Amino acid sequence: MPSVREQVLAAIALRLKTVAGLTVRRNEALPEKIPTGGLAILRDGDPGDPDVVLSPLTYLWRHAAPLEIVVQHGDAAERDRRSDELVEAVTTALLADRNLGGLADWLEASPPSADLLPVEGAAAIKAATLTVTIHYATT
């Protein structure tokens, strides 16, 4: 059986797949060509150091997982519009079930930071990165 950490990350990836047209990957390198509907790359991130409850012994995690939301288009205004719409759709999908069907106590997403990545001989890529923080407990 997968660890709680892996179950939580898999549940987030599954939530992301509810966004129409979005291609979802985990821990992959950024490709030079982005799918038309956009690309989300979920990184495993860092669970940090847990708080501990001694009786019964329980570890309380605050796991920060980076999520890159990427679009590509030759027109800057269209690229910005697509990025904004995709970030909103992804955030809405994630926050629709903040406890991931009971796997987590709480999920939150940070505001995105954006970067423009030039690609030689192709349209530029806009990547918005946000951190998904998941609060969960393990024994």
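For clarity, every value in this text was computed on a predicted model and none was experimentally measured. The residues of the chain are indexed from 1 along the displayed sequence. These values consider heavy atoms only, across backbone and side chains, with no hydrogens, waters or symmetry-generated copies.
- Atom CZ of Arg5 and atom CD of Gln7 lie 11.0 Å apart (nearest 0.5 Å).
- Between Ala109 and Leu95, the shortest heavy-atom distance links the atoms N-CD2, 4.3 Å.
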Test side chain to side chain contact (heavy atoms under 4.5 Å, CB included) on Val132 and Leu107 and set out the steps.
CA-CA 7 Å; Val132 180; Leu107 178 144; 3.9 Å; yes

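- Of all heavy-atom pairs between Ala137 and Val4, the closest is O-CG1, 4.1 Å.
- Distance check, rounded to the nearest 0.5 Å: CG of Leu42 to CG of Leu16 gives 6.5 Å.
- Asp44 has its side chain within reach of Arg26: a pair of non-hydrogen atoms, C-beta onward, lies under 4.5 Å apart.
- For the pair Glu108 (side chain) and Thr133 (backbone), a donor-acceptor distance under 3.5 Å is absent.
- To the nearest 0.5 Å, atom CH2 of residue Trp61 and atom CG of residue Asp46 are 9.5 Å apart.
- Both Leu130 and Val19 sit in one connected hydrophobic cluster of ILVMFWY residues. Membership requires side-chain heavy atoms under 4.5 Å apart, directly or through other members.
- The two residues Ala11 and Leu103 have their closest heavy-atom pair at CB-CD1, 3.8 Å.
- When all heavy atoms are compared, the tightest approach of Pro66 to Gly45 is CD-CA, 3.5 Å.
- Atom-to-atom distance recorded for Arg43:CZ and Thr129:OG1 is 9.0 Å, nearest 0.5 angstrom.
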How far apart are the C-alpha atoms of Leu94 and Ile12, what are their side-chain angles, what is the distance that settles it, and do they pass the side chain to side chain contact (heavy atoms under 4.5 Å, CB included) test?
CA-CA 7 Å; Leu94 288 173; Ile12 291 171; 3.8 Å; yes

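- Of the possible polar contacts, none joining the Glu32 side chain to the Glu120 backbone as a donor-acceptor pair under 3.5 Å is found.
- When atom types are taken as modelled, the side chain of Thr58 and the backbone of Val53 share no donor-acceptor pair closer than 3.5 angstrom.
- Pairs passing the salt bridge (Lys or Arg N to Asp or Glu O under 4.0 Å) check and including a residue from residues 94-107, sequence neighbours excluded, do not occur.
- Within 6.0 Å of CG in Asn27 there are more than 12 heavy atoms belonging to other residues, nucleotides or ligands.
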Is there a side chain to side chain contact (heavy atoms under 4.5 Å, CB included) between Leu57 and Thr139 once you walk through the steps?
CA-CA 6 Å; Leu57 182 60; Thr139 56; over 6 Å; no

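- Grouping the Ile, Leu, Val, Met, Phe, Trp and Tyr side chains by contacts below 4.5 angstrom, directly or via other members, places Ile41 apart from Val24.
- What you find for Ala127 and Val70 is that their closest heavy atoms are CB-CG2, 4.2 Å.
- Heavy-atom minimum distance, Ala96 versus Arg15: CB-NH2, 3.2 Å.
- Contact check for Lys126 versus Arg82: no side-chain heavy atoms found under the 4.5 Å cut-off.
- Between Asp84 atom CG and Arg79 atom CZ the span is 14.0 Å, to the nearest 0.5 Å.
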Run the salt bridge (charged side-chain N to carboxylate O under 4.0 Å, His left out) check on Glu78 and Arg81 step by step: do they pass?
CA-CA 5 Å; Glu78 180 65 15; Arg81 183 191 67 75; 2.4 Å; yes

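- A search for salt bridge (charged side-chain N to carboxylate O under 4.0 Å, His left out) contacts involving Arg25 returns Glu28, not counting sequence neighbours.
- Distance CG/Leu67 to OG1/Thr91: 8.5 Å, rounded to 0.5 Å.
- Residues Leu117 and Ile69 do not share a hydrophobic cluster, defined by chaining ILVMFWY side chains whose heavy atoms lie under 4.5 Å apart.
- The shortest side-chain heavy-atom distance between Leu39 and Glu68 does not fall under the 4.5 Å cut-off.
- Side chains of Ile34 and Val71 form no contact here, defined as non-hydrogen atoms less than 4.5 Å apart.
- His135 has its side chain out of reach of Leu60: every pair of non-hydrogen atoms, C-beta onward, lies at least 4.5 Å apart.
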One pair to check against side chain to side chain contact (heavy atoms under 4.5 Å, CB included): His63 and Leu9. What are the steps and the verdict?
CA-CA 10 Å; His63 187 142; Leu9 292 169; 4.2 Å; yes

